Amino acid sequence: MTASVSAPPAAFPRVRLRRLRRAPWLRRLVAEHRLSCEDLIWPVFVGEGQGRCEPIATMPDVERLSCDVLVERAAEAAALGIPAIALFPSVPAALKTPDAAEALNPDNLVCRTVRAIRAAVPDLGVICDVALDPFNSEGHDGLVRDGIVANDETVAVLCQQAVVQAAAGCSAIAPSDMMDGRIGAIRDALDAAGFADVAIVSYAAKYASAFYGPFRDAVGSGTLLGGSLLGDKKTYQMDPANGDEALREAALDLAEGADMLIIKPGLPYLDVLSRVKAAFGVPTFAYHVSGEYAMLKAAAQNGWLDGERVLLETLLAFKRAGADAILTYAAVEAARLLARR
Ligand code: PBG
């Protein structure tokens with residue numbers, strides 16, 4: 001047996017942790033985590049038309065952009081060093097049907113936008129959401145059958161949606177629908193269609209959250225959902241009471257072939273993010289969702305919080321909890337702030 005030499009217990013007054021907080025240069029040297037523009041994914045809303053920037057009342061500084069304007073903004077985001085955008089369509093009500101058929105139209109708003117961005121800003125990652133809510137007249141992520149969201153039938157449609165979006169040129173597919181078994185089915189469908197290189201970033205743990213309210217205003221799914229037989233998404237999105245279940249969700253998605261994981265919402269679920277990252281060690285992203293963004297902006301607009309500092313502190317907190325990247329509506333703002341430092 002070798003004698004073990006243990007360090008004497010470190011204690012005050014020899015140890016003074018404040019010593020390393022005394023000056024900016026020291027704090028910079030010992031900082032454990034750092035936020036950079038490389039950590040940011042910018043979720044954007046695209047709508048029909050030309051030259052349009054429509055404000056979203058519940059999301060200050062966020063606009064629904066027509067494709068031509070979005071292409072310009074995407075180029076600016078790329079120039080700021082933002083690696084990727086996540087695309088969400090705001091589809092005209094007339095195109096929303098119970099079968100969400102428009103989701104499979106290779107010339108729909110999403111596909112046209114993907115092609116335009118890929119052509120103009122080829123180095124920017126374009127992540128497409130897979131879920132039926134933008135196209136479904138009931139505002140649900142899946143097909144509603146006799147008052148329930150039908151799992152397997154929905155998965156079959158999601159596979160086609162993923163292939164259509166991959167064919168349009170998106171770099172990664174992000175299933176946000178929370179159907180069981182969809183990751184494996186989508187992986188198989190992408191591979192069979194020749195898109196083995198298109199990555200899957202799975203919303204592994206997506207909670208049935210009231211923090212999605214402003215997003216639903218932005219894409220117009222909120223009022224539809226309110227009027228549907230099932231007024232919420234609690235039969236497929238996770239119960240906010242559950243943490244262990246998020247690990248099961250993540251394990252299943254990884255076993256089915258997910259390349260990266262998303263935990264959503266963000267700040268109220270840092271414990272989940274931290275556990276998932278620690279358990280699996282795979283690229284794990286946090287989604288700083290619309291309601292979190294709205295709270296921050298509302299307080300800043302009222303002068304109740306220093307908006308810029310709170311934003312950067314929030315994003316850094318995601319990094320500390322284990323996020324490899326953060327989806328945030330404030331990505332461009334944050335990238336500009338970081339460039340100034
Ligand atoms: C739906 C979807 C939602 C968000 C992203 N994709 C909302 C929902 O589940 O109703 C929310 C994002 C946010 O609030 O920022 N597929």
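Just so you know, these numbers come straight off a predicted model, no measurement behind them. Atoms within each ligand, like the ligands themselves, are counted from 1 in listed order. The residues of the chain are indexed from 1 along the displayed sequence.
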Please could you name the atoms of ligand 1 that [X] approaches to less than 4.0 Å, counting only its heavy atoms?
X: Gln237; value: 8 (C), 9 (O)
X: Asp141; value: 1 (C), 16 (N)
X: Ala131; value: 16 (N)
X: Asp133; value: 1 (C), 2 (C), 16 (N)
X: Tyr329; value: 12 (C), 13 (C), 15 (O)
X: Val289; value: 13 (C), 14 (O), 15 (O)
X: Ser176; value: 1 (C), 6 (N), 16 (N)

For [Y], does its backbone N or O pair with a side-chain atom of [X] as donor and acceptor, under 3.5 Å?
X: Glu292; Y: Gly266; result: yes
X: Asn151; Y: Asp180; result: yes
X: Thr154; Y: Asp152; result: no

Quick one: nearest non-hydrogen protein atom to [atom], plus distance?
atom: atom 2 (C) of ligand 1; result: Lys206 NZ, 3.1 Å
atom: atom 14 (O) of ligand 1; result: Ser290 OG, 2.7 Å
atom: atom 8 (C) of ligand 1; result: Lys233 NZ, 3.2 Å

- [ ] Return the option from Phe215, Tyr212, Tyr287, Phe211 holding the heavy atom at the smallest distance from atom 3 (C) of ligand 1.
- [x] Phe215
Task: Option of least heavy-atom distance to atom 6 (N) of ligand 1 (set: His140, Lys264, Arg216) - done: Lys264
Open item on the list: Tell me whether the NZ or CZ atom of Lys264 lies within the 45° cone about the ring axis of Tyr212 and under 6.0 Å from its centre.
Closed with: yes
TODO: Decide whether a cation-pi geometry holds between Lys206 and Tyr203; the criteria are a distance under 6.0 Å from NZ or CZ to the six-membered ring centre and an angle within 45° of the ring axis.
DONE: yes
TODO: Supply the atom-to-atom distance Arg16 CZ to Arg22 CZ, rounded to the nearest 0.5 angstrom.
DONE: 12.0 Å
Task: Shortest non-hydrogen contact from Glu102 toward Leu95 - done: CB-O, 3.7 Å
TODO: Identify the heavy atoms of Ala335 and Leu80 that sit nearest to each other, and give their distance.
DONE: CB-CB, 4.1 Å
Open item on the list: Quick check: Tyr203 and ligand 1, any N/O pair under 3.5 Å apart?
Closed with: no
Open item on the list: In terms of relative ring orientation, are Tyr329 and Tyr287 parallel, tilted or perpendicular, with 30° and 60° separating the classes?
Closed with: tilted
Task: Contact partition for Asp129 relative to ligand 1, non-hydrogen atoms under 4.0 Å - done: side chain
